[in-house]
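The chains referred to below are lettered A, B, ... by the order of the sequence lines, with proteins before strands, and numbering in each begins at 1. These numbers come from a predicted model, not from an experiment.
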Amino acid sequence: MSVIVRFAPSPTGVLHIGSVRTALFNWLYARHCSGKFLLRIEDTDKLRSTEENAKAILRILKWLQLDWDGEPVIQSTRIERHKEVANKLVEQGKAYFCNCSPEELALKKEAAIKEGKSYKYDGKCRNNTTHYIEGKSVIRLKTDESGETVLDDLVQGRVVTENSQLDDLVLLRSDGTPTFMLSVVVDDHDMGVTHVIRGDDHLTNTFRHIQIYRSCGWDVPRFGHIPLIYGPDGTKLSKRHGAASAQDYIDLGYLQEAIFNYLLRLGWSHGDDEIISREDAVKWFDICDVGKSPARFDMVKLQNLNAHYMKARNNESLLASIKPFLNTELSEMQTNRILLGLDGLKSRAKTLVDLVKSALIYVEAPEAYDEVCAKYLMPENVELLKDMIKIIQSEESIQQDILLERAKALANSRDVKLVEIAQALRSALCGYLVSPSVFEIIEILGKDESIQRIRRFIDLDM
RNA sequence: GUCUCCUUCGUCUAGGGGUCUAGGACACCGCCCUUUCACGGCGGCAACACGGGUUCAAAUCCCGUAGGAGAUGCCA
């Protein structure tokens, strides 16, 4: 039997980073098994679903290179089919019309809570031969009242629930629309899904889903409930923790391969391997190896991985990734300077945002200077800078090694440390005191631009 | 409240009865490299939630306890 999995996000909001991991695990499992990875957009909540959200989901999956098979299934187009299944269950006596009003049920629930009892629908309409009332009736499933339902979960292991815990869930709402419980089961069945890999928050729902499968007489797929991702405080990762959506991480300047690797290692591992390529991930991944315990999201570790993957990228592709973060178009000269400077820049950055900030030295002269730079405007430092201007002017080649040697000689003759000259130059060239090698920067900027920046700095009144 | 699940360094994890004086990675600390800061190299700190069993032997199996999380919708 070939494996068919699916990712079924609802476009009611932005794509959560936890959902991305669910998508990733589904994709990996499908590719590992040479199976199919299907996509279904669960847009039945028409009030909250938007076209933009749906598009954003597809865009992010593409960005992460999680390619899906076939066309995405749009759940809202399948409502008639869902209704058909619900009505058939009524005909077969496996479901029934319930005319209890939401208000009535809310009261019962409130009363139950007051008494400290657990609430579940009391099945008032279950044995009535109630007739359908337009706009009022819902269809409820006749859930097994006794016995137990066993779930042999691929991740969580064997989980058993007493059927008495389950109540008669709503299949079709009073407005005639299907609930998630119904839709998800019907669609998974119709799409031929063999393995349902989803977040752990669905685990208890699964017992209800199994009831529906059985009532319909359908094969129950295998389930794998992956643990949720927590924030640093150990509760479900959310907006409150800062970045929670996939787009947030893109905007923060994380590379696709870093997010892939990070999410992969959250709850899954392969011996001592930390840096794992897509190919190896596909080769090694198995849903059974996913851990049962939830993991906390660690931004710092993501940053470390991101730094690694930035260093691993070639400069052309890094430049392409940086461009969306720049608010100006680059001239050819600026582009070339950045390309040359990227080696020195990328080992110093954690994110693309960092990288862009530091790359600005190759785009334009400093707009402002850090206060600490003022120190290098003292007369003796200005003298050093003037000497450096002479050196830069006189050298035929301003190759960084040569400049370094000349600067060392200058330091010697003036009886100062090289660091004094370097920091003075850095102030002039960058406007701050942390950067790649100043001699490299001079080489890349060229004689004219370098001298111009130094002169401008010397003339400053700080 | 009820149901379900989870618990190894700060974090992600390896481990599945003896090879565990518990391994790796991130973070942190120190040293080296060094024109700054990074990178890189070397080293260090640091964990089996607790209590009972089972066993010659338990991080590993069982039972409790504690803590945490999720579910408990005519949301998905």
Side-chain angles (χ1 to χ4, degrees), chain A residues 8-13 42-45 47-49 75 98 100-102 105-106 109 112-113 115-121 137-140 151 153 156-157 159-162 164-167 169-175 177-181 183-184 199-207 225 227-228 230 232 234-236 262 265-275 291-305 307 311 343-350 358 404 407-408 411 417-427 430 432-440:
Chain A
S10 65
T12 51
E42 303 207 327
D43 61 340
T44 47
D45 185 345
L47 277 178
R48 295 190 298 148
S49 298
Q75 192 163 57
C98 165
C100 299
S101 70
L105 297 176
K109 183 174 179 179
I113 289 170
E115 283 179 58
K117 286 191 206 155
S118 68
Y119 170 78
K120 72 174 214 185
Y121 174 64
S137 300
V138 301
I139 293 181
R140 284 184 189 270
L151 168 62
D153 196 90
Q156 303 293 335
V159 185
V160 185
T161 285
E162 297 284 327
S164 58
Q165 293 293 328
L166 273 27
D167 61 3
L169 62 279
V170 174
L171 260 17
L172 222 56
R173 300 187 189 97
S174 53
D175 65 359
T177 59
T179 60
F180 158 76
M181 295 288 173
S183 309
V184 76
D200 198 18
D201 47 345
H202 285 297
L203 189 99
T204 48
N205 283 333
T206 302
F207 294 97
H225 287 93
L228 267 19
Y230 289 174
T235 64
K236 217 170 158 180
Y262 180 72
R265 281 285 291 99
L266 209 57
W268 177 88
S269 64
H270 183 268
D272 286 343
D273 294 304
E274 296 288 345
I275 303 294
K292 292 167 132 184
S293 54
R296 295 182 193 213
F297 197 92
D298 183 2
M299 188 81 94
V300 179
K301 187 149 183 174
L302 209 210
Q303 281 177 2
N304 175 273
L305 279 171
K311 278 176 271 175
D343 280 336
L345 260 19
K346 67 187 179 186
S347 67
R348 273 161 254 258
K350 298 278 189 209
S358 66
L404 173 61
K408 276 183 180 166
K417 292 221 163 106
L418 179 60
V419 62
E420 294 299 315
I421 298 174
Q423 291 300 59
L425 284 170
R426 226 179 302 268
S427 299
C430 308
Y432 46 81
L433 294 181
V434 173
S435 80
S437 160
V438 282
F439 306 111
E440 179 185 320

Base partner of [N], which must satisfy Watson-Crick or wobble distances under 3.5 Å:
N: B:U4; value: B:A69
N: B:C33; value: none
N: B:U21; value: none
N: B:C61; value: B:G53
N: B:C28; value: B:G44
N: B:A38; value: none

OP1 or OP2 of [N] under 4.0 Å from side-chain N/O of [X]:
X: A:K292; N: B:G70; result: no
X: A:N304; N: B:A25; result: no
X: A:T179; N: B:G73; result: no
X: A:K346; N: B:A38; result: no

To the side chain of [X], which of [options] is closest?
X: A:M181; options: B:A76, B:U36, B:U35; result: B:A76
X: A:V300; options: B:C6, B:C39, B:A27; result: B:A27
X: A:Q165; options: B:C39, B:C3, B:C74; result: B:C3
X: A:A295; options: B:A38, B:A71, B:C12; result: B:C12
X: A:Q156; options: B:C6, B:G70, B:U35; result: B:C6
X: A:L266; options: B:C6, B:C75, B:C12; result: B:C12
X: A:D201; options: B:A27, B:A71, B:U35; result: B:A71
X: A:R140; options: B:C39, B:C74, B:G23; result: B:C74

Applying side chain to side chain contact (heavy atoms under 4.5 Å, CB included), run through A:D45 and A:F180 and close with a yes or a no.
CA-CA 9 Å; A:D45 185 345; A:F180 158 76; over 6 Å; no
When you measure from the side chain of [X] to the backbone of [Y], do you find a donor-acceptor pair of N or O atoms at a distance under 3.5 Å?
X: A:R265; Y: A:I275; value: no
X: A:R173; Y: A:P178; value: yes
X: A:Y262; Y: A:N304; value: no
X: A:S358; Y: A:L345; value: no
X: A:D167; Y: A:Y121; value: yes
X: A:D153; Y: A:H225; value: yes

How close or far is atom [atom2] of [N] from atom [atom1] of [X], stated in whole angstroms?
X: A:D272; N: B:A22; atom1: CG; atom2: P; answer: 16 Å
X: A:D153; N: B:U4; atom1: CG; atom2: C1'; answer: 12 Å
X: A:K408; N: B:U36; atom1: NZ; atom2: P; answer: 11 Å
X: A:R296; N: B:U13; atom1: CZ; atom2: P; answer: 11 Å
X: A:E420; N: B:U36; atom1: CD; atom2: C1'; answer: 11 Å
X: A:Y230; N: B:C12; atom1: OH; atom2: P; answer: 11 Å
X: A:D175; N: B:G73; atom1: CG; atom2: C1'; answer: 14 Å
X: A:K236; N: B:G70; atom1: NZ; atom2: P; answer: 6 Å

With nearest nucleotides of RNA chain B determined for A:V159 and A:G271 from heavy-atom distances, which residue corresponds to the more 5′ nucleotide?
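It is A:V159 whose nearest nucleotide is closer to the 5' end.
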I want to confirm an ordering. Mapping A:K109 and A:N205 to their closest nucleotides on RNA chain B, which one lands closer to the 5' end?
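So the residue in question is A:K109.
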Name the nucleic acid region contacted by [X], choosing base, sugar-phosphate or nothing; use a 4.0 angstrom heavy-atom cut-off, strictly under.
X: A:T177; answer: nothing
X: A:P436; answer: base
X: A:S183; answer: nothing
X: A:V184; answer: nothing
X: A:P294; answer: sugar-phosphate
X: A:G267; answer: sugar-phosphate
X: A:Y262; answer: nothing
X: A:V419; answer: sugar-phosphate
X: A:C100; answer: base
X: A:T12; answer: nothing
X: A:L228; answer: sugar-phosphate
X: A:H202; answer: base
X: A:L203; answer: sugar-phosphate

[atom1] atom, [N] versus [M]: distance in rounded Å?
N: B:C62; M: B:A71; atom1: C1'; answer: 28 Å
N: B:U13; M: B:A22; atom1: C1'; answer: 13 Å
N: B:A46; M: B:C29; atom1: C1'; answer: 11 Å
N: B:A59; M: B:G16; atom1: P; answer: 13 Å
N: B:A25; M: B:G41; atom1: P; answer: 10 Å
N: B:G53; M: B:U60; atom1: C1'; answer: 15 Å
N: B:C61; M: B:C74; atom1: C1'; answer: 46 Å

Is it the case that the base of [N] and the side chain of [X] share a donor-acceptor contact (distance under 3.5 Å, atom types as modelled)?
X: A:R348; N: B:C39; result: no
X: A:R426; N: B:U35; result: yes
X: A:K301; N: B:A25; result: yes
X: A:S174; N: B:C74; result: yes
X: A:S437; N: B:U35; result: yes

Where A:L425 and A:F439 come nearest, the two heavy atoms and their spacing:
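In terms of heavy atoms, the two residues are closest at CD1-CE2, 3.9 Å.
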pair A:L151-A:L203: side-chain heavy atoms closer than 4.5 Å
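Yes, at least one pair of side-chain atoms sits under 4.5 Å.
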Any chance you could measure A:K120, atom NZ, to A:K109, atom NZ, to the nearest 0.5 Å?
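One gets 14.5 Å once the value is rounded to the nearest 0.5 Å.
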